[in-house]
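What follows is a set of notes on a single structure, which appears directly below.
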Amino acid sequence: MTAAPAKMKREFDPKTFLATIGDGRKIVAVGKKQMIFTQGDRADAVFYIQEGKVRLTVVSKAGKEATIGILTEGNFFGEGALAGQTVRMGSAGAMTDCELLRVDKQAMMNALHREHAFSDMFVAYLLARNIRYEEDLVDQLFNSSEKRLARVLLLLAHFGKEGSPEPVVPKISQETLADMIGTTRSRVSFFMNRFRKLGFIHYNGGLQVHSSLLNVVLHD
């Protein structure tokens, strides 16, 4: 009598987990300019962007709003729910039509504890996000507003990432850019006009950013 074959270990694919619905996971479609969650809402889920762009903002007690990030496909947000936050510390709104995977807090924690491949992927993402925040802080402390604007435009165009750069889409208002770099809209307008005259950017069905804009960031 032959022994029964050993049961094969189930393979876990993080990409499949983030692309499909299941226990505690559902696909959410959010239209352009609609809110995903608002500051003060209950923090009970993590979101993963499958398609679209999301703007993260925070409002001070005095009522001043600041943009703290613009995220795109492959990014998580709302992960503060996993770190003990009971309410949202900021807001998230759709800049374009978005398709999101909403993962309940408990389902996300279960997957992180159970699946090492997913845990490794998520930790790597959080570390990369933390490095980005540190770079943003250094940028604010030591660089001119012109350099900060150039860096934000390059980041939005995905320079330094795999694949070819893309237009900065959707159109981002100069007020939003001013919020992100800590200056006024008039200064952003001045620098954008300068970048255009120097050939660093141009408008053709959207804002096109050229690699030559790196010269502004690297120039002392």
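The residues of the chain are indexed from 1 along the displayed sequence. For the numbers below, each heavy atom of this structure counts, side chains included, while hydrogens, waters and symmetry mates do not.
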Any non-hydrogen side-chain atom of [X] less than 4.5 Å from a side-chain atom of [Y]?
X: Val103; Y: Leu101; result: yes
X: Met95; Y: Lys32; result: no
X: Arg187; Y: Thr184; result: yes
X: Lys105; Y: Val46; result: no

Work out which heavy atom in [X] is nearest to a heavy atom in [Y]; give both atom names and the distance.
X: Ala150; Y: Leu213; result: O-CD2, 3.7 Å
X: Ala81; Y: Arg88; result: CB-NH1, 4.2 Å
X: Glu51; Y: Glu73; result: CA-CG, 3.6 Å
X: Ala107; Y: Gly24; result: CB-CA, 3.9 Å
X: Leu153; Y: Met192; result: CD1-SD, 3.7 Å
X: Leu112; Y: Ser119; result: O-CB, 3.4 Å

Starting from Val123 and following side-chain heavy-atom contacts under 4.5 Å between hydrophobic residues (I, L, V, M, F, W, Y), which residues can be reached?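 Hydrophobic cluster check, Val123: joined to Leu127.
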Ile131: hydrophobic cluster co-members (side-chain, 4.5 Å): none
Set of salt bridge (Lys or Arg N to Asp or Glu O under 4.0 Å) partners for [X], sequence neighbours left out:
X: Glu65; value: Arg55
X: Arg42; value: none
X: Asp139; value: Arg151
X: Asp104; value: Arg102

Please say yes or no: joined through hydrophobic side-chain contacts below 4.5 Å, possibly via intermediate residues, are [X] and [Y] part of one cluster?
X: Val138; Y: Tyr133; value: no
X: Val58; Y: Leu71; value: yes
X: Ile68; Y: Met89; value: no
X: Ile70; Y: Val54; value: no
X: Phe47; Y: Leu126; value: no

Could you walk me through whether Leu156 and Val209 pass side-chain contact (heavy atoms from CB on, under 4.5 Å), step by step? CA-CA 9 Å; Leu156 291 173; Val209 179; over 6 Å; no
Starting from the C-alpha separation in whole Å, work towards a yes-or-no answer on side-chain contact (heavy atoms from CB on, under 4.5 Å) for Phe77 and Tyr48. CA-CA 7 Å; Phe77 64 97; Tyr48 177 79; over 6 Å; no
How long is the straight-line distance from [atom2] of [Y] back to [atom1] of [X], given to the nearest 0.5 Å?
X: Asn75; Y: Ile49; atom1: CG; atom2: CD1; answer: 5.0 Å
X: Lys26; Y: Leu100; atom1: NZ; atom2: CG; answer: 11.5 Å
X: Leu149; Y: Leu154; atom1: CG; atom2: CG; answer: 9.5 Å
X: Ile201; Y: Arg196; atom1: CD1; atom2: CZ; answer: 7.5 Å
X: Cys98; Y: Ile36; atom1: SG; atom2: CD1; answer: 5.5 Å
X: Thr67; Y: Leu56; atom1: OG1; atom2: CG; answer: 9.0 Å

Show your working on side-chain contact (heavy atoms from CB on, under 4.5 Å) between Asp97 and Val30 and close with a plain yes or no. CA-CA 6 Å; Asp97 290 339; Val30 183; over 6 Å; no
Derivation and outcome, side-chain contact (heavy atoms from CB on, under 4.5 Å), residues Met108 and Phe122: CA-CA 10 Å; Met108 188 72 175; Phe122 188 66; 3.6 Å; yes
Salt bridge (charged side-chain N to carboxylate O under 4.0 Å, His left out), that's the test. Do Arg129 and Glu79 meet it? Break it down for me. CA-CA 11 Å; Arg129 172 83 71 86; Glu79 64 271 15; 3.1 Å; yes
Sequence neighbours excluded and cut-off under 3.5 Å, please list the side-chain donor-acceptor pairs for residues 173-180, or say none.
{"from": "Ser173", "atom 1": "OG", "to": "Thr176", "atom 2": "N", "distance (Å)": "3.1"}
{"from": "Ser173", "atom 1": "OG", "to": "Thr176", "atom 2": "OG1", "distance (Å)": "3.0"}
{"from": "Gln174", "atom 1": "OE1", "to": "Arg185", "atom 2": "NH1", "distance (Å)": "2.9"}

Quick check against the 3.5 Å criterion: does [X] have a side-chain atom that pairs as donor or acceptor with the backbone of [Y]?
X: Ser60; Y: Lys64; value: yes
X: Ser91; Y: Gln39; value: yes
X: Gln34; Y: Gly93; value: no

For Tyr125, enumerate each residue passing the ring pair (Phe, Tyr, Trp, His ring centres under 6.0 Å) test, keeping only those at least two apart in sequence or located in another chain. Phe76
Look at atom CG of Asp23 and say whether more than 12 heavy atoms of other residues, nucleotides or ligands are closer to it than 6.0 Å.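 Atom CG in Asp23 is not crowded, with 12 or fewer foreign heavy atoms closer than 6.0 Å.
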Count the heavy atoms belonging to other residues, nucleotides or ligands that lie under 6.0 Å from CE of Met35, then report whether that count exceeds 12. yes
Results of side-chain hydrogen bond (donor to acceptor under 3.5 Å, both in side chains) for Asn110 - residues two or more places apart only: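 Gln106.
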Residues 186-206 vs ring-ring contact (aromatic ring centres under 6.0 Å, His included), sequence neighbours excluded, gives His202-His210
Side chain to side chain contact (heavy atoms under 4.5 Å, CB included) with Ser144: which residues, sequence neighbours excluded? Glu146, Lys147
Distance-only donor-acceptor pairs under 3.5 Å for side chains of residues 15-22, two or more places apart:
{"from": "Thr16", "atom 1": "OG1", "to": "Asp13", "atom 2": "OD2", "distance (Å)": "3.1"}
{"from": "Thr20", "atom 1": "OG1", "to": "Thr16", "atom 2": "O", "distance (Å)": "2.7"}
{"from": "Thr20", "atom 1": "OG1", "to": "Arg25", "atom 2": "NH2", "distance (Å)": "3.1"}

